[in-house]
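Excluded from the calculations below are hydrogen atoms, water molecules and symmetry mates; all remaining heavy atoms, backbone and side chain alike, are included.
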Protein chains: 2
Amino acid sequence: MMMAHAKISDEELFDGLITVFRTFGYEGATMSKLVEATGLERASLYHRFPGGKTEMACAVLECVGERFAENILAPLAKPGDPAKRVAKMAKRTKEFYVGGRLSCLLDTMSVGGDKEQIQECVSRMFKAWFDALQKVSMDAGFKAQEAKQRAEDALIQIQGALVMNRAMNLTRPFGRIMDDLPQLLTGKD
Amino acid sequence: MMMAHAKISDEELFDGLITVFRTFGYEGATMSKLVEATGLERASLYHRFPGGKTEMACAVLECVGERFAENILAPLAKPGDPAKRVAKMAKRTKEFYVGGRLSCLLDTMSVGGDKEQIQECVSRMFKAWFDALQKVSMDAGFKAQEAKQRAEDALIQIQGALVMNRAMNLTRPFGRIMDDLPQLLTGKD
DNA sequence: GTCTATAGCTTGATAGAC
DNA sequence: GTCTATCAAGCTATAGAC
C-alpha cells in the first residue's frame, strides 16, 4: 500500500529532529529514528538536507539556537531590573527543559565529538549563551571579570543539574538552581 | 599473516574499554573502536563478556566505580579534618579527569539511555558518590538536609564543569570548582 | 584464551518514479 | 517534494580452528 505524502511544516520537521538528537546524541540519532520521529522517509530527509546527518545535526543546532535566543535570551537584553530579567529567563529555561526532564542538546551533541563542524556549532552557541549571561550580570553592576565568573557558574550549574536529572532522575536540584539564578547573576533576588 | 596472540592484563583491557565508552558513550562505542583500543579481537572480547556490548558497558561501569571508590572516595571516609579530606578528594578528582579534559563516564553513558541495565548501574554509582559527599559534609557539622543540598551542589558543579570543558574546551572553570569544594562541602577552606 | 572467518542485520546514502 | 527500492559499508554477534 502506498503511503500518503507527508507534507509537513518546517516546525514539525525540526521538532522531530530535535527530539531525536537531544535524546540520543549525534551517534545515537540513526536515520531510522529520524524517519520515525519526523514522519518523512529517508530520501525526503536527504532532499531537505543534502549533506546528510551532519547537515541535519547542524541545522538542528542552529534552529535550537534561534528558538533559545528568542524565548530565553531575549528577556535578558530588555530594559528594567536585571534581577527581574534573570527571573524571567529562569522561568523560560525551566519550561524549555520541561523542569529539567529534557537533556541539553549542546551537551548530548558534544559526546564523541569527532565531527569538527558540529563541535564548532556547539561551541559557538554556548558562547552566545555565556555572553548573554555575562552581560546581564554586568548590567547588575558587576565588573567584567566578576560577571564572567558568575556567568560561568550559572552555565555550569544549569548543565550539571541537567546531567544529574538524566542520570539519577532528580528533578528538584534543577528547580532550585533555576530559582537561585537571579541571586547568582545579579547578587539580588 | 597470523597476528600474535595478545594476552593482556585485566587492567590494560579495562583501560581501553573505559577510554572508548567515556569518549563516545554507549551508542558511539562500536566493537571496532573497542577492538582497536584493547588490542583484542572481536571474538576474544565476546569470550570475556558473553553478554556482548551491554555486559562490557556494565563491567566498565563497575570497574570505574571501584577505582573511583578506592582513589577518590576513600580519603573522604578517613579520620581527620573534613576540609582537608575534601581537599585531598578534590586533588584526586582533578587527576582522575586530567584537569577536566576527560568526560565523566556516568555522563556520557547516560545519553540515549534505552538500556535499563546501564541506567541502573549509572544511577547506583552516582548514589554512592553522592552519599560519600553528604557524609563528609555532615562530618563537618552540617545537618542531614543541609549536607544533602551541599552534596547535590558539589556533584552538579563537577558534572557541569566537565560538560563545559567538553563543549567549549574551557579547563579553568573545572579547576576553580575543584578548589572551591572544601568551602562548599564543609564551610571552611 | 585468542584468533580467522562469516552470518545476518542496520547503517548512512543514492537512483529514479510520480 | 515525497515516495519505493536499493546499495555498499559497518554493525553486533557467533562458529570453529588452534
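Rounded to whole Å, the distance from CE on Met31(B) to C1' on dC3(C) is 14 Å. For the pair Phe24(B) CZ and dT12(D) P, the computed distance is 13 Å after rounding to whole Å. As rounded to whole Å, 12 Å separates atom C1' of dT11(C) from atom CG of Leu34(A). Taking atom CZ of residue Phe49(A) and atom P of nucleotide dG1(D), one finds them 12 Å apart after rounding to whole Å. The distance from atom CD of Glu27(A) to atom C1' of dG10(D) is 13 Å, rounded to the nearest whole Å. Atom NE2 in His47(B) sits about 5 Å away from atom P in dG1(C), given to the nearest Å. We find that CD of Glu55(A) is positioned 12 Å from P of dT14(C), with the value rounded to whole Å. In this structure, CD of Glu41(A) is placed 15 Å from C1' of dC18(C), rounded to the nearest angstrom.
Residue Ser32(B) has no polar side-chain atom (N or O) positioned under 4.0 Å from OP1 or OP2 of dG10(D). An OP1 or OP2 oxygen of dG1(D) is reached within less than 4.0 angstrom by no side-chain nitrogen or oxygen of Lys7(A). Checking the phosphate oxygens (OP1, OP2) of dT14(D), no side-chain nitrogen or oxygen of Tyr46(B) falls inside 4.0 Å.
You'll find that the side chain of Arg42(B) is closest to dT14(D), out of dC3(D), dC3(C), dT14(D). Closest to the side chain of Lys53(A), out of dA15(D), dG12(C), dC3(D), is dG12(C).
With 3.5 Å as the limit, one finds a donor-acceptor pair spanning the side chains of Glu12(B) and Ser9(B).
In this structure a side-chain-to-backbone donor-acceptor pair under 3.5 Å is present from Arg85(B) to Leu76(B).
Contact check on Arg166(A) versus Asp107(A) returns a salt bridge, with a Lys/Arg side-chain nitrogen under 4.0 Å from an Asp/Glu carboxylate oxygen.
Exactly one of Lys94(B), Lys91(B), Arg172(B) qualifies for a salt bridge (Lys or Arg N to Asp or Glu O under 4.0 Å) with Asp179(B). That residue is Lys94(B).
Thr30(A) comes within 4.0 angstrom of sugar-phosphate atoms only, judged by non-hydrogen atoms across all strands, and of no base. Here Arg48(A) lies in heavy-atom contact (under 4.0 Å) with sugar-phosphate atoms only.
Closest-nucleotide positions on DNA chain C for Leu40(B) and Gly52(A) were compared, and the one nearer the 5' end corresponds to Leu40(B).
The local environment of CD in Glu36(B) is sparse, with at most 12 non-hydrogen atoms from other residues, nucleotides or ligands closer than 6.0 Å.
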